[in-house]
Amino acid sequence: MSSLNSDKPVYNAIDAAKFLCAIMIVMIHIAPLGENETFHFANFIIKNWGGRTGVPFFFITSGYFLYRKTNYENFIWQPTKNYLLKILRLYILWTIIYFPLCLGWIINNKNGTLHAFLGWVRDFLFTGSYTQLWYLNATIVGGLLCSFLLYKRIKIKYILIIAGALYAVGLLAQSWFGVIRPIKDMFPSIWSVLKIVEKVIVTTRNGVFEAFLFMGIGMLFAFKKIKFSKRAAVTGFSLSYLLMLAELIIVSYFNFSRKYDMYVFLVPTSFFMFYIVKNMKLENKKIYPVLRQLSMLIFLLHLWIEKLVSEFFGYCFDFEIESTCWDFIITLIITIAASLLIIRLSENRRFQWLKRLYS
């Protein structure tokens, strides 16, 4: 993949899709139409439906490329070790980069600085040290779970059943929280235990309850030949995506949801999306490896850029840019430009260390 003339398979469509998914994730974190009542519903749909396939696609892609380096019959740990150590290094590095944005919350926390710092340490271990960095944390955990079960010679279908069951549990603390809400009154002792668990793990949007399943789907694609007709794949994706919209509307209407990160129909939607993209052939062009690098940098960098943009407009013009679409537009443009600059500089021998920011 490093060379356009290489005999190795290339995945140009996946590289392009990852770039689009990175933009989807920016749309989740920064309201594309501005944080105002006029476009509240539109932003709600874009954030909680339109952009939700972004992170699962990243997970599936990670699982696919990781497990293509080994096989089920002769599973070896080394690819997993190498990949997860790289992700851990990225996680630690970007945790340091984002730590200044956490300092104000830690120092000024109403429960005290020590309490806040310990909460930050808990988040670092269980739920991500900063908003989007949970993905790196979850990838490590999801990869370890998949690889451990492969090492134990558990059949792929059973790995997916286990991961699916955990995902279902995770749904009950997210979009389908209303299902377990009656436990509070019917079984208060069980509810108390669940609240204790919640204080520790904070959210089920993590490696155990989400990344495990989607990386497992990537593993399935790596180990098994999956074949659908183009029409069946497109129909499967379209139907699943529409059903996910219906699911969002239902859980919102009945006030079931606490968070909108996980859905039942996100699973088949992401499955068919990856299948379609994986089997899409695009002519080799130099842009695709750049898009792959850009996708990671956009994902990691955009919230720092957004902070700088909002502070700049607030301080210099006394203008709350977050209430307008310009926050999203300017942040995205600067993030892409900064990412391209980092990539270009990293190609110079003196600045090769910059590659550690994205690879």
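All values below come from the heavy atoms of this structure, side chains included, with hydrogens, waters and symmetry mates left out. Nothing here was measured: the structure is a model prediction, and the numbers come from that model. Each residue takes its place number in the sequence, starting with 1.
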Table please: side-chain donor-acceptor pairs of residues 105-115 below 3.5 Å, with sequence neighbours left out.
residue, atom, partner, partner atom, Å
N108, ND2, G104, O, 3.1
N109, OD1, N111, N, 2.9
T113, OG1, I107, O, 3.3

Parallel, tilted or perpendicular, as decided by the 30° and 60° cut-offs, for the rings of [Y] and [X]:
X	Y	result
W94	Y98	tilted
Y275	F228	perpendicular
F117	F99	perpendicular
H29	H302	parallel
F59	F214	parallel

Might you confirm whether atom [atom1] of [X] has over 12 heavy atoms from other residues, nucleotides or ligands at distances under 6.0 Å?
X	atom1	result
W326	CH2	no
F187	CZ	no
K47	NZ	no
R122	CZ	yes
R89	CZ	yes
E320	CD	no
E283	CD	no

Just by distance, no angles: are the side chains of [X] and [Y] close enough, under 3.5 Å, to form a donor-acceptor pair?
X	Y	value
E247	W176	yes
T204	E198	no
N284	N12	yes
N82	Q78	yes

Strictly distance-based, threshold 3.5 Å: is any side-chain N or O of [X] a donor or acceptor partner for the main-chain N or O of [Y]?
X	Y	answer
Y91	K86	no
S346	L354	no
S238	T235	no
S175	M262	yes
E306	T331	no
N36	S323	yes
N74	N71	no
D261	R205	no
N137	F124	yes
D327	A31	no

Spacing of L242 atom CG and F237 atom CZ [to the nearest 0.5 Å] = 9.0 Å
query = Taking C-beta and beyond as the side chain, do T324 and F319 meet within less than 4.5 Å on heavy atoms?
reply =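 Yes, their side chains come closer than 4.5 Å.
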State yes or no: do [X] and [Y] share one hydrophobic cluster built from I, L, V, M, F, W and Y residues joined by side-chain heavy-atom distances below 4.5 Å, directly or via other members?
X	Y	value
F44	W49	yes
Y260	F209	yes
F299	L341	yes

Let me check something: any side-chain donor-acceptor pairs from residues 143-169 under 3.5 Å, sequence neighbours excluded? List them with distances.
residue, atom, partner, partner atom, Å
S147, OG, Y67, OH, 2.7
S147, OG, T80, OG1, 2.7
S147, OG, G143, O, 3.1
R153, NH1, Y72, O, 2.5
R153, NH1, E73, O, 3.3
Y167, OH, Y263, N, 3.2
Y167, OH, Y263, O, 2.7

